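Working notes for the structure below.
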Amino acid sequence: MWLKSLQHPRATEGSLDEEREALKRAPSLRFRLIGIGCLVISIIAALSINFVFDYSRRLADLSYDRLLRSALLQMDENVGLINDEVSIDIPWSAFATLAQANEDKVFYKVESSAQGFITGYKDLDMTPPQKTTYDKIQFFNREYSGEMVRFAFLERHLTEPDATGTVRIILGQTRLSREELASAVTQRAVDIVLMIALVAIALIVIGSHLVLRPLQRIERVLEERSPGDLTPLDIKTPKETHHLKVAINHFMSRLQDNLEQLEHYTADAAHQLRTPLAGLRALAENARDQTSPERQYQALEDIVNQCDALSQTVTLLLNQAVVSHRMQTRYREPIDLLLPIAASCREQAVTALHQGVHLSLDTELEHAMVLGDAFALQQMMQNLIENAVRYSNQGEQQAAEVVVTIAEFAAYYQVQVIDHGEGIPESEKERVFERFYRGRYDIAGSGVGLAMVKDIVDHHSARIRILNTQPKGTTFQIDIAKFQMGVTE
């Protein structure tokens with residue numbers, strides 16, 4: 001409908017051709033409105049013309065039937081007995097009445113039940129289509145002498161003294177004047193109907209333009225915006241386009257959130273990679289300047305450790321990007337919470353063993369169905385377990401322990417990751433979920449793992465709390481709602 005988008009300065013020739021072809025193939029809402037309106041008006045006009053045609057014929061018959069009735073009654077008044085025989089003296093006025101239709105022919109026949117044929121056209125059929133009712137005039141159409149004729153039929157008992165039997169009179173007139181009158185009425189009505197239809201179609205064309213103006217206004221507002229302006233549309237629209245405006249605003253809000261997450265991810269990547277790369281360069285330069293094999297070996301060992309730390313950081317950033325993308329593009333689905341938790345424990349078991357930490361999963365549940373994303377929940381648990389293992393057994397000679405528990409309550413499942421490390425001071429519990437915040441810098445870490453955990457918890461409408469483990473340590477407790485049948489996103 002509008003070609004402004006094809007004039008965008010960044011549009012390439014190929015994209016312009018594709019847009020033009022798509023525009024040609026796209027159905028037109030305006031033409032659809034006009035087409036449906038014209039179809040409805042055409043149907044109404046056809047029904048109206050058919051009704052007018054039928055009405056005009058009945059109107060013409062009603063008008064001329066009065067003349068035919070008058071002439072028939074005048075003939076009936078002049079039926080009498082002469083020398084005990086039924087006779088009729090047809091008055092001139094009867095034919096003068098019918099002469100008002102000067103192009104029509106007149107046919108008649110008179111007969112009695114006793115004498116038979118009296119006068120008129122002897123071959124004229126006297127049988128009406130309906131059962132004869134005495135003293136009641138019947139009108140009907142029948143073809144006679146190669147023409148369609150309108151007949152009036154009357155049969156009555158003779159009322160003269162000493163007379164018995166009935167007399168039957170049939171009077172017919174061709175339909176030329178009737179058809180001419182019906183055609184004139186129909187033509188006038190058709191002209192009026194067509195004029196009304198044309199006016200209605202013109203109003204539909206104008207109305208379609210007015211109806212689509214709100215869409216044009218929305219398009220114009222969007223086209224005039226700068227590329228980075230994702231603020232909600234603040235224009236007045238009719239009720240029919242209000243939901244479209246709300247949907248566009250919601251879409252731009254989600255797009256704004258995605259852009260902000262992309263900016264955060266870019267900042268995270270720059271922040272997390274800059275320092276390890278600088279350290280790696282320093283270690284490499286140090287290794288280059290060493291002369292003894294022992295010092296060179298130690299320097300290379302430091303480089304390998306730094307590469308491992310950098311690899312873990314890159315993996316964490318990639319997982320964070322994947323989780324963020326899944327939370328934006330995928331709906332939650334029913335899953336067994338035990339599966340991602342068990343998978344996280346298996347992945348961290350070797351790391352925990354190398355650090356002298358005993359990692360265990362404690363639950364009596366066979367299934368724990370929740371509404372969520374299995375990959376995101378696994379990343380959440382992996383970060384919590386990895387964090388618990390990292391801060392356990394610091395400076396301790398005896399083996400430390402990290403326990404993951406899953407308990408069932410009426411409306412939710414409760415997951416706990418329990419460690420017996422140094423614990424988190426009360427003043428820092430509110431800040432550990434902040435991005436890049438680290439309570440201790442003497443222990444390797446990125447500062448974004450718990451921030452990602454908080455995002456995943458919020459996405460699943462769950463609740464996370466930090467509790468103190470007795471006698472010391474930290475417990476991360478997550479309450480996540482059970483899956484209810486019939487409840488979907």
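Every value quoted in this text rests on a predicted model; they were computed, and no experiment measured them.
At a threshold of 4.5 Å between non-hydrogen side-chain atoms, the residues Leu450 and Asn383 do not count as touching. Residues Ile235 and Lys245 have side chains in contact (heavy-atom distance under 4.5 Å, counting atoms from C-beta outward). Contact check for Phe139 versus Leu68: side-chain heavy atoms found under the 4.5 Å cut-off. For the pair His209/Gln216, a side-chain contact is recorded, criterion being any heavy-atom separation below 4.5 Å from C-beta on. Side-chain contact check for Phe153 versus Thr132: some heavy-atom pair is nearer than 4.5 Å. Proximity of Cys38 to Ile204: side-chain heavy atoms (C-beta onward) are nowhere separated by under 4.5 Å. Here the side chains of Leu181 and Leu59 are not in contact, with every heavy-atom distance at 4.5 Å or above. Side chains of Ile466 and Thr475 form no contact here, defined as non-hydrogen atoms less than 4.5 Å apart.
Note that NE2 of His367 is 14.5 Å distant from CZ of Phe483, once rounded to the nearest 0.5 Å. To the nearest 0.5 Å, atom OG1 of residue Thr405 and atom CG of residue Leu361 are 8.5 Å apart. Atom-to-atom distance recorded for Met381:CE and Glu347:CD is 12.0 Å, nearest 0.5 angstrom. The CD1 atom of Ile456 sits 7.0 Å away from atom CG of Leu377, with the distance rounded to the nearest 0.5 Å. Taken to the nearest 0.5 Å, the CG atom of Leu176 stands 12.0 Å off from the CE atom of Met148. Atoms CD1 and OH, from Ile88 and Tyr108 in turn, are 8.0 Å apart once rounded to the nearest 0.5 Å.
Between the side chain of Thr133 and the backbone N or O of Lys136, no donor-acceptor pair lies under 3.5 Å. The backbone N or O of Ile406 lies less than 3.5 Å from a partner atom in the side chain of Thr363, making a donor-acceptor pair. Remark: side-chain polar atoms of Arg332 are paired, donor with acceptor, to backbone N or O of His460 under 3.5 angstrom. Although no hydrogens or angles enter the test, the distance criterion places a donor-acceptor pair under 3.5 Å between the side chain of Ser344 and the main chain of Gln378. Not one N or O on the side chain of Asn249 forms a donor-acceptor pair closer than 3.5 Å with the backbone of Pro232. Remark: the backbone N or O of Val86 is paired with a side-chain donor or acceptor of Gln115 at under 3.5 angstrom. Side chain of Asp336 to main chain of Leu339: no donor-acceptor pair is present (N/O by atom type, distance under 3.5 Å, no hydrogens or angles). Asp54 contributes no side-chain N or O that, together with a main-chain N or O of Asn50, makes up a donor-acceptor pair within less than 3.5 Å. Judged by distance alone, with hydrogens and angles left aside, the side-chain atoms of Thr174 form a donor-acceptor pair with the main-chain N or O of Lys105 at under 3.5 Å. Proximity of a side-chain donor or acceptor of Lys109 to a complementary backbone N or O of Lys122 within less than 3.5 Å is detected.
For the pair Ala71 and Ala94, the tightest heavy-atom approach, listed with the atom from each and the gap, is CB-O, 3.5 Å. Annotation for Leu222 and Met252: closest pair CD2-SD, 4.5 Å, computed over non-hydrogen atoms. A pairwise comparison of heavy atoms in Tyr121 and Phe117 identifies C-CE1, 4.0 Å as the closest pair. Scanning both residues, Leu365 and Ala407, for their nearest heavy atoms gives CD1-C, 4.3 Å. Contact between Ile248 and Leu233 at its shortest, heavy atoms only, is CG2-CD1, 3.9 Å. Taking all atoms of both residues into account, the shortest heavy-atom contact from Leu72 to Ala152 is CD2-CB, 3.9 Å.
When the shell of 6.0 Å around OH of Tyr55 is examined, it contains 12 or fewer heavy atoms from other residues, nucleotides or ligands. Around CG of Asp123, the count of heavy atoms belonging to other residues, nucleotides or ligands within 6.0 Å exceeds 12. Heavy atoms of other residues, nucleotides or ligands lying less than 6.0 angstrom from CZ of Phe53 number 12 at most. A 6.0 Å sphere centred on CZ of Arg66 holds no more than 12 heavy atoms belonging to other residues, nucleotides or ligands. Remark: Glu180 CD is loosely packed, at most 12 non-hydrogen atoms of other residues, nucleotides or ligands lying under 6.0 Å away. Counting heavy atoms of neighbouring residues, nucleotides and ligands inside a 6.0 Å radius, atom CZ of Phe95 exceeds 12 of them. Within a 6.0 Å radius of NZ in Lys454, no more than 12 heavy atoms belonging to other residues, nucleotides or ligands are found.
Under the ring-ring contact (aromatic ring centres under 6.0 Å, His included) criterion, Tyr412 pairs with Phe409, not counting sequence neighbours. Take Arg69 and apply the salt bridge (Lys or Arg N to Asp or Glu O under 4.0 Å) test, not counting sequence neighbours, and it matches no residue. By the salt bridge (Lys or Arg N to Asp or Glu O under 4.0 Å) test, Arg57 pairs with Glu179, sequence neighbours left out.
By the 30° and 60° cut-offs, the orientation of the rings of His157 relative to Tyr134 is tilted.
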Candidate pair Ile480 and Leu371, rule side-chain contact (heavy atoms from CB on, under 4.5 Å), full reasoning: CA-CA 9 Å; Ile480 184 169; Leu371 197 63; over 6 Å; no
Residues Asn141, Val149; criterion side-chain contact (heavy atoms from CB on, under 4.5 Å); working and verdict: CA-CA 6 Å; Asn141 297 317; Val149 182; over 6 Å; no
Worked check of salt bridge (Lys or Arg N to Asp or Glu O under 4.0 Å) between Asp76 and Arg156: CA-CA 9 Å; Asp76 180 61; Arg156 67 174 179 83; 2.4 Å; yes
Stepwise side-chain contact (heavy atoms from CB on, under 4.5 Å) check, Leu171 with Met75: CA-CA 9 Å; Leu171 178 62; Met75 294 175 64; 4.1 Å; yes
CA sep, side-chain torsions, deciding dist, call: Tyr144, Phe107, ring pair (Phe, Tyr, Trp, His ring centres under 6.0 Å): CA-CA 9 Å; Tyr144 177 72; Phe107 308 94; 5.1 Å; yes
Step-by-step side-chain contact (heavy atoms from CB on, under 4.5 Å) determination, Glu408 to Gln414: CA-CA 6 Å; Glu408 181 180 9; Gln414 188 176 89; over 6 Å; no
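A donor-acceptor pair shorter than 3.5 Å can be found between the side chains of Asp191 and Gln187.
Applying side-chain contact (heavy atoms from CB on, under 4.5 Å) to Arg168 and the options Pro128, Ser112, Ser113 leaves one that passes, Ser113. Each of Leu384, Ile385, Val457 was scored for a side-chain contact (heavy atoms from CB on, under 4.5 Å) with Phe476, with one residue passing: Leu384.
Cation-pi contact between Lys482 and Tyr413: present, with separation from the ring centre below 6.0 Å and deviation from the ring axis of at most 45°.
The residues Asp125 and Arg142 are annotated as salt-bridged, a charged nitrogen and a carboxylate oxygen being separated by less than 4.0 angstrom. Classification of Arg175 and Asp61 as a salt-bridged pair holds, one side-chain N sitting under 4.0 Å from a carboxylate O.
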